[in-house]
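These numbers come from the heavy atoms of this one structure, side chains and all, not from hydrogens, waters or symmetry mates. So that the names make sense, note that chain A is the first sequence line, chain B the second, and so on, each numbered from 1.
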Protein chains: 2
Amino acid sequence: MSQAFRLKQSIEDAVIAGEFLPGDRLDEASLAERFGVSRTPIREALLQLGAEGFIDVRPRRGAIVSVPSPTRLFEMFETMAEIESACGRLAARRLTPDNDAAMEAAHRACEIAAREGDSEQYYADNRNFHEAIYRASRNSFLADQAFALHKRLSAYRRIQLRARNRLLQSLQEHAGILEAIRAGDEQLAATRLHDHVLVQGERFSDMVLGLAGDRRSDAAGSRSGTPK
Amino acid sequence: MSQAFRLKQSIEDAVIAGEFLPGDRLDEASLAERFGVSRTPIREALLQLGAEGFIDVRPRRGAIVSVPSPTRLFEMFETMAEIESACGRLAARRLTPDNDAAMEAAHRACEIAAREGDSEQYYADNRNFHEAIYRASRNSFLADQAFALHKRLSAYRRIQLRARNRLLQSLQEHAGILEAIRAGDEQLAATRLHDHVLVQGERFSDMVLGLAGDRRSDAAGSRSGTPK
DNA sequence: AGTTCTAATCTTGCATACAATTACTATATG
DNA sequence: CATATAGTAATTGTATGCAAGATTAGAACT
């Protein structure tokens, strides 16, 4: 496949892995050198990532990893909550044995990770659980939208999961969500998913505000000092 | 601003205007000639549009205007319905006088267009009405998502609005939506918006299936026909 | 010292050139 | 006559070069 596509994936992965932090500059020349290609495919990869909202490409001023303001970040979580609850509603309406089994398996994996307190593993399994719900909506377009947004928020979600006993609480919420979907209770499934996602957003906002002035206070980075 | 950005807009506009139909090939060389630039900025524009899902760029095989299958199209409308109803729910919760006035003005404009049976004008005013609701959600990220999807579906919505007396029915639905939002009834606003959008998707699916074998039956499938 | 203007440097945007792959056409063959 | 195949044309992917805007450093000035 074309190089630009591979590069897009690599750069996205590097951003998700936290190698480039929000606010970091994505210099075309150094990326080209790093990957051993010319600037052309790098540019194409960056522009695509920019179009997906993953990074910020400012004309004539280069690309940086997006730095959503606390407000924007909350809006993103709120949107994620709405999309996920839509997935849950549809999943409750259309659940098939296949999808049920997939959610069950993902839930079990989460359980193990949570029991062992392995937050890095839980992070991965949690993602699988949520993706199983997206698929269970049986609307592949909606699921794609959910995937994309989930990826964009992954950096923030990871930080957030490290919080004390959030793992166990998260797991319990998962159980409740599963129960509602299985019962075919669209309304309840939607509400529970909504709250499950939104609580992350709220917690994260608190954290951001709490950390303001700490390491990388600039990253939160509006153009006028400390936010809020 | 950079040329690639302008070109992206121009190509998108041309697609929305129906100048390029679903399935049409977007040749880099001819676009470059048409806009009087080299292939480089054209490529950059096409890749961005591809990343947004607006067109289909198949590696090594060029770009074409997306041809969603009937199933995919229905999924897109269903997703739009979910996103719009989320906007409506939030709007009902957070309505401000400003947003109320904007929706009212857009609704009045729709009323005039509908009364005069001007479907082209109604198409434009209808868009304003929906965008006013997106903004009234007071979640700019969610609103952006709604804008983007609305644009991607615009080609199909336009065709659909030409149907007999759909204009007046649409207008009545708008009135009901507005009423629910003003009453602060989140649930009702969400439901009414959901149905309002989904009925378009259903009608469109019917139309597509009904027209199968008619003009452009090829659009859904191969590249054998000779459109335009 | 702080500020502002200017010049040097760095980076991005676009065009051109070439390489690599796909699509097409014509010819040969069963 | 249809199909397979080889050669050719057309199109996309990547590299390189150059021009123009942006950033930085330095000097002059208040």
Checklist outcome for this item: Within residues 35-56 of chain B, those residues having any heavy atom closer than 4.0 Å to DNA chain D are B:R39, B:R43

Checklist entry - For B:R72 and A:D144, what are the C-alpha separation, side-chain angles and deciding distance, and is it a salt bridge (Lys or Arg N to Asp or Glu O under 4.0 Å)? => result CA-CA 12 Å; B:R72 182 80 170 175; A:D144 286 349; 3.3 Å; yes

Checklist entry - A:E33 CD to D:dT16 C1': how many Å, rounded? => result 16 Å

Item to check | Worked verdict on A:Q48 versus A:E12 for side chain to side chain contact (heavy atoms under 4.5 Å, CB included) | outcome: CA-CA 10 Å; A:Q48 287 180 75; A:E12 185 181 303; over 6 Å; no

Item to check | Whole-Å distance separating the CZ atom of A:R58 from the C1' atom of D:dG21 | outcome: 14 Å

Item to check | chain B contact limits on DNA chain C, taken 5' to 3' with a cut-off of 4.0 angstrom to heavy atoms | outcome: C:dC14 to C:dA23

Checklist entry - Parallel, tilted or perpendicular for A:Y122 and A:H174, by the 30°/60° rule? => result parallel

Checklist entry - Does some side-chain heavy atom of A:I64 sit less than 4.5 Å from a side-chain heavy atom of A:R58? => result yes

Next on the checklist: Just to be sure I understand the rule, does A:R61 reach a base, reach only the sugar-phosphate, or reach nothing, if contact means heavy atoms closer than 4.0 Å?
Outcome noted: sugar-phosphate

Checklist entry - Between A:P59 and B:R25, which has a closest nucleotide on DNA chain C that is more 5'? => result A:P59

Next on the checklist: Restricting to non-hydrogen atoms, name the atom on B:I11 and the atom on B:L31 that form the minimum distance, rounded to 0.1 Å.
Outcome noted: CD1-CD1, 4.3 Å

Checklist entry - How long is the line joining CZ of A:F5 and C1' of D:dT12, in whole Å? => result 17 Å

Item to check | Exercise: identify the closest heavy-atom pair between B:I83 and B:A146 | outcome: CG2-CB, 3.9 Å

Next on the checklist: Between P on D:dT23 and CD1 on A:I64, what's the gap in Å once rounded to a whole number?
Outcome noted: 12 Å

Next on the checklist: Measure CD/A:Q3 against C1'/D:dG13 and give the value in whole Å, please.
Outcome noted: 9 Å

Checklist entry - Between A:E84 (side chain) and A:L193 (backbone), is there a donor-acceptor pair under 3.5 Å? => result no

Next on the checklist: I'd like to know if the side chain of A:S10 reaches the main chain of A:R6, judged simply by a donor and an acceptor atom lying under 3.5 Å from each other, with no hydrogens or angles considered.
Outcome noted: yes

